[in-house]
Amino acid sequence: MRIGSLEDLQEAKKKGLKGLYPEVTKISVGLATCGLATGAREVYKALAQEVERQGLEAAMARTGCLGLCQKEPLVDVLMPGKPRVLYAEMTPAKATELVAELAQGRFRGDLALAKMVREEYVLEDRWHAYPLDGEAPELEAVPFYQDLPFYARQRKIVLRNCGFIDPEDIEQYIARGGYFPLYKALTEMKPEEVIEVITKSGLRGRGGAGFPTGVKWRATRQAKGETKYVICNADEGDPGAYMDRSILEGDPHSVIEGMIIGAYAIGAREGYVYVRNEYPLAIKSLAHALAQAEEYGLLGRDIVGSGFDLSIKISRGAGAFVCGEETALIASIEGRPGEPRPRPPYPAEVGLWGQPTNINNVKTWVNVPAIIARGPDWFAGIGTAKSKGTMVFSLVGKINNTGLAEVPMGVPLKQLVFDIGGGVPQGKAFKAVQTGGPSGGCIPASLLDLQVDYEQLTQAGSIMGSGGMVVMDEDTCMVDVAKFFLTFTKDESCGKCTPCREGTKRMLEILTDIAEGRGEEGHIALLEELASAVKDTSLCALGGTAPNPVLTTLRYFRDEYEQHIRYKRCPAMVCKKIIFAPCKYNCPVKTDVPAFIAHIARGKYREAFEVIRAVNPFPIACGYICHHPCEDRCRSLETGGEALSIKGLKRFAGDHALRAGIKPLARPRMPGRERVAVVGSGPAGLAAAYDLANLGYEITVFEAGPIMGGNLAWAIPEFRLPRRIMEAEIESIKRAGVKIQTNTTVGRDLTLDDLFARGYKAILLAVGAHKSLKLNIPGEGTAGVMEALEFLKMVKLGKAVPLGERVAVIGGGNAAIDAARTALRVGGGKVSILYRRTKAEMPAMKREIEAGVEEGVEIRELVSPTRILSRDGRLASLECVSMELGEFDETGRRRPMPIPYSEFIMPLDSVIVAVGEEPDLSFLPRDHGLGISRRNTIIVDPETLATGRPGIFAAGDAVTGPSTIADSIASGKLAAVSIHKHLRGQPVVREYTVTGPSPYVEPIERTEEEIELVRYRMPCAPVEERVGNFNVVELGYSEEMALKEARRCLRCDLR
Amino acid sequence: MITLTINDRRLQVQEGTTVLQAAKSAGIQIPTLCYHEALAPYGACRMCLVEIVAGGRLGLSASCAYPAQEGLVVRTDSSRVFKARRMVAELLLARCPNVPEIQELAQEMGIERPRFHIEDERCTLCGLCVRTCEEIAGVSAINFIQRGTEREVTTPFAVPSEACIACGACALVCPTGAIVIDGAEEIKHRELRLGPAKAIHVPFLQAVPKAPLIDPEQCIHFRTGKCGVCERFCLSNAIDYEMEDEEVEIEVGAIILATGFELFDCSRVAQYGYGRLPNVISGLEFERMCNAGGPTGGKVLREEGRPPESVAIFHCVGSRDENYNEYCSRVCCMYSLKFAHLVREKTGSKVYEFYIDMRAFGKGYEEFYKRLLMEDVIFIRGKGAEVTDVAETPEEQGKLIVKCEDTLLGIVRRIPVDMVILSAGLEPRRDAAEVARLFSVNRSKDGFFLERHPKLAPVETASDGVFVAGACQGPKDIPDSVAQGAAAAAGALALIDLGKVEIEPITALIDEAICSGCKICIGLCPYTAIEFVSRDTTGVAQVNEALCKGCGICVAACPAGAATQRGYTTQQIYGEMEGALRAGAGG
């Protein structure tokens, strides 16, 4: 059939409509690349087989991609008289079940993703409603297509047909209004008029640079040349962008139609589609469409009888990124190496074979028929002031709804990521999004409100590019991201011009140095200078945009670079050469975790213990109560399993040592080494004392209280850390030569000057943080309100604390949980924890929260106390307000906001306040000469822990405020190093090095099957046995369990 | 004309000019690296960046490729430009820290040391060679392979390319010396034989007129149809590729033949190893070596570049030898002696002269020979028998060994030397026979032109008005050649001065009525005195009486009997015979 008149077109449309809405059930399967990759072909086969087997009168059809690639394979069922139903994530098995139901005239509502009762005909400006004969009851619960968050905010112009038509059927394309705009343009409009319409519409190049399309067309039309060319740039090379492919696969005629209209306007007689050979399906689909268009008289000689001729050829590229640059693309079509040349002259004047040439991106061409059909004003009404129409984005990376989304220009980034994209998987925090592929930039969470259009993106340092959006979560290292993209652009640089070839290489070298811990001060400045120069001086846009990832990450995540350079830290724990094994890296005291686990796996428990004790003076206690950051980034998590129970294994090694009576050797004092005084016998003080004693110093620890061990000894409940453990630890520390003087309060019994006078050459203040913070609400002093630490201490010391029936603990930290669980044990009444955010945001250890809940602690989320009400001078009730999570703050957490007028009253007998502590520095004499911060901590040089007074250092919670045992030990150890340097007359500076590899321990051999994904649960006393006593809850691994758990270690230290 | 502004200066330039050219014409310096006047703009090195401030694509652009446009406003001196160029230079210096051109460039921009990792490349990837090979040589024998940082210039698959015409243009254009033509180290001795290497050259230093010519054998334009650089760059528009050899007719009254000689080709004496063994060179090559403007700059050097410690000079190569030429070439003894003197003077090395006997025949020559005898030159009477590089003793290792019979000592000797100079003899030119025929001149047995009489007419030939001078007549040295030349000139002048020529009394005559136009006589005439002239229906032979010597060959050969000899017609002979017989009978 050749189309020569409007009637012919109408005729084809009729036929096409029959194909779109047949009189029988139609089952379409999305067979674009994304579908095929998830097994759509098998689904299609299974459906077809089953239809035949069941004798179902149904038409099988193929279609393109609907954009929701995450949920492929998608199957779309259209039963006459019923809503159209979309099934997601189909498998051959599900398909079989589906057909069985369809044969009964029913739908599987449980498998359905959405239902559709109408679809938009963009070119005809109307909605096609399906004739319904009453809704199927099984579909009632299925959401409407237009209500799916992924689709609700989309506006499909470019993707208008993708997933709705059979790409191989030209009549279906015509049925949805296709080729009518072509007919209109060629028969009713002069070329100049077409250009005028496009210019007026404000359409800009969708390849990324955003050059006004009408202006480009006009320039090519006005250029002098024998032959003119139009080219469709389908050389889509950005990692993470695939919308051009999807269009060519799902709706090739829209590209062809756009090109014909453009060629007519420009005066071109020949056209090329430059598409990369790695898109075989797109090429096949396009070639088929070209042949079909020719057959229908829509391409070739005398198109629709207008006298206009155009031939379009496919030119296949080998997949070089640079060939997306127009002059390189032209060179490639001409058969020369794909290298760009300087412009001007622009291709509009000197292009393919030296003739005027107009190159537009796939999406630009696809917009053209829509603009001709609906008029320029309609198009200009969509989008922002300078960026008109829609943009197709591919959402990839750490995002729930991977796929293609078309939205009007100017949609806030937040909507794209969270509403359409469904946010970040696994509840991780959103960190940044890379727009525009490797040439684009990283846009941070703080710019989530950015309205995405050409101008805004450019202002943020990125580019629109082809619309790729790579979403990154908190586990992404921005130095690594910059490195990744730069590696790509470096590899893809054609190498013609100096800055791009040499500059990208040098940038990558610097980034690699930084990422591998060889970064130096000045590297950032050099990188910035180089990146700006490469951007400014490169020959083509590849080099001109290659530095964008570097520049934007430097702009928004400079701190991460500095961490890498200055502190040899990779906050996201990605850069392998800095972190080696993440467990060791993340351990505040740098325990050689892989080594001790390997020892356990080999049955060498004593060696394992020695590895732990080598850096940790509390090797046993840490096995009980460490907050184990080591486990957070265990590589077993990345391979789909659970993290190793490193704490459990440490506990096993510690218990073994305890049983076996392994004690450190006593070390004599080295002659000539000075006396050092340590104030406070908490973990920080004792850690420093232990290390200094091992260095040969004479150490005296002054403890104000009667018990040694600080919070470890009297704030941690007995059921978590028994007293005997601490006694054993302190015993070992004493063996190292540390003298401990209890019941001696420095400041009262002895001044700092007294200590110096007695020959102590250095003093370490490690007095902890024991002063509880107030709620700062009315009635706080009322009887029945107590501080968590005070409460825990009294219980631990065996004093009776009357609590009453109803107890509320306020706070979400470990102290709050400990207090609640202790309250449960001493009171036996109802214990609630009130927290202003949700459980997910609680800073306490997850396992402890769970244990508390098991034991019966009630956790009330999103509640904040506002007033304490008393009766007869004693606590009666607590007034609280409900909270809700509001906007994201700069930490990426949502800020709790009080809900107005949501106050309520809780009758209570006791309130335990656990909202934090600060150091109690009242012991210091008035003229102590030390700096005190607003948070009441001792001000020190954070690098060395030296105070303002020579010879006096401070460490632990006294400096940082409340922290963990591991952090306190680390702080004490750092103080020991600084004191040692100070006493030896060396410059007191902190040296940062990368976390080195662990000492080599031969790995055990194990089979694939032995690598278990699930960790051994820590055996715990049953809940009923726990309540009412203070017996230790976690029982520790048996030897068999420990061996097996240790064998799960992936030994990533041996990489 | 286009008006643009560069650094606040308004300039008028032709359409098609680039910004770089415009700036240069105004004396504004812009550094370049990948730019070459002979090549299309490439815009790759980014050294020539300028800032387009208005009227074009704003920002930094490569001036070499940016077309001058009406109203364009350009700055070559903004801080943005300097910063950009500095970074480009720094990046290049990091890549090529040991290339003087880059060092200089970097130094000009105040860069001491690059702040990046340092490599040691020679090639800056400017692409001049690649583009020269494509645009100038037209063969594309080399190109870039790989891309990005892997990019390098090479031949296909990095093996010697068949497409390469070894023009050497790539090496010539390379600014950093990164391209080395394979075997260029040996070029010194090879050049001795090649003569002038460039396609455009003045034939020899003393050429008159001293104008260069294009050697079509070597010229890339004639080989590939490309290049044409000389035409583009010749300020006087003197290059014309269409120019061809043309024939001109000059009417003269006398001709002097002074076509000279040809040097004996030493490679014919296979046992001497010329052309096979390095360091066996001909006398002429030795002369080139001694020339201060020659390939070695006037130094006597072995092939590998060190001076020889001992040199053998062979006399009579191709002369006085039954296998080649029996005659003596007259000049070899004396020039061999000169060589010995030069070698002693330039290198102080040992010199052996292998001679049959010493022919120092001219004025002062014997004295020179005697002087050489005092200069410690070793004279060995005996012809060199063979030159070999097959050593028999450690002393001979790495040397050339001359085998000869020392006839004075009566022994066969092996003498190791570092260099052998072959004193080649003189031969008639290859085309001597052709020239002789052209001018109706005879040649003697040895092939040199024959004078009419060795004593009475030493510069004249059998053809009247044709004279000979110099070595074309026989081997002779310069004084003798000059003397003969003067004599020939005098002879020619005498003829011209006379204003007429005496012709032979007896000449041939062809009766046009009888001549059938068979042309047999024309080919036979040794003096090219018979022409073919057309008559009504056919043509006939006609004798030029000024040329005819009356030899009678045509008369004897004419099948129709149309040719007769003046005064010797059949009737006249009969008459003469009759008279003789009558007289005899009567008397």
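Each chain gets a letter, A, B and so on, in the order the sequences are listed, and its residues count up from 1. For clarity, every value in this text was computed on a predicted model and none was experimentally measured.
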Closest approach of B:Y66 and A:P344, non-hydrogen atoms and distance?
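Heavy-atom minimum between the residues: CE1-CD, 3.3 Å.
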A:R501 and B:T149: which non-hydrogen atoms are nearest, and at how many Å?
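Shortest heavy-atom contact: O-CG2, 3.5 Å.
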Contact class of [X] relative to chain A, heavy atoms under 4.5 angstrom:
| X | answer |
| --- | --- |
| B:R151 | side chain |
| B:L49 | side chain |
| B:E150 | neither |

May I ask you to name which of A:P499, A:P337, A:A533, A:S532 has the most heavy-atom pairs under 4.5 Å with chain B?
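Looking at each of A:P499, A:P337, A:A533, A:S532 in turn, A:P499 comes out on top.
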Chain B contact via [X] - which portion, at a heavy-atom distance below 4.5 Å:
| X | answer |
| --- | --- |
| A:T504 | neither |
| A:L526 | side chain |
| A:I510 | side chain |
| A:E492 | both |
| A:D513 | side chain |

If you draw a 6.0 Å radius around [atom1] in [X], do more than 12 non-hydrogen atoms from other residues or ligands fall strictly inside?
| X | atom1 | value |
| --- | --- | --- |
| A:E278 | CD | yes |
| A:R316 | CZ | no |
| B:R9 | CZ | no |
| B:Q107 | CD | no |
| B:F157 | CZ | no |
| B:E15 | CD | no |
| B:R10 | CZ | no |

With the threshold set at 4.0 Å, does a side-chain nitrogen-carboxylate oxygen contact exist between B:E119 and A:R506?
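Salt bridge between B:E119 and A:R506, a charged N being under 4.0 Å from a carboxylate O: yes.
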Which residue out of B:G148, B:A65, B:A62 racks up the most heavy-atom pairs below 4.5 Å with chain A?
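Result: the option with the highest number of such pairs is B:G148.
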Do A:T498 and B:R95 pass the side chain to side chain contact (heavy atoms under 4.5 Å, CB included) test, and can you show the C-alpha distance, the side-chain angles, and the key distance before you say yes or no?
CA-CA 10 Å; A:T498 312; B:R95 177 188 169 87; over 6 Å; no
Tell me, please, whether B:F144 has A:K496 positioned over its six-membered ring: NZ or CZ under 6.0 Å from the ring centre and within 45 degrees of its axis?
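The answer is no; the distance or angle limit is not met.
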Using the side chain to side chain contact (heavy atoms under 4.5 Å, CB included) rule, pick out the option among B:R115, B:M87, B:E90 that qualifies with A:L530.
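When side chain to side chain contact (heavy atoms under 4.5 Å, CB included) is applied between A:L530 and each of B:R115, B:M87, B:E90, only B:M87 qualifies.
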Which distance, rounded to the nearest 0.5 Å, do you find between the [atom1] of [X] and the [atom2] of [Y]?
| X | Y | atom1 | atom2 | value |
| --- | --- | --- | --- | --- |
| B:R46 | A:D536 | CZ | CG | 10.0 Å |
| B:R86 | A:T537 | CZ | OG1 | 14.0 Å |
| A:C497 | B:L125 | SG | CG | 11.5 Å |

Does any part of the side chain of A:F321, heavy atoms only, come nearer than 4.5 Å to the side chain of B:R147, both counted from C-beta?
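When only atoms from C-beta onward are counted, A:F321 and B:R147 do not touch, as no gap falls below 4.5 Å.
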Residues A:E502, B:F116; criterion side chain to side chain contact (heavy atoms under 4.5 Å, CB included); working and verdict
CA-CA 10 Å; A:E502 304 293 330; B:F116 311 113; over 6 Å; no
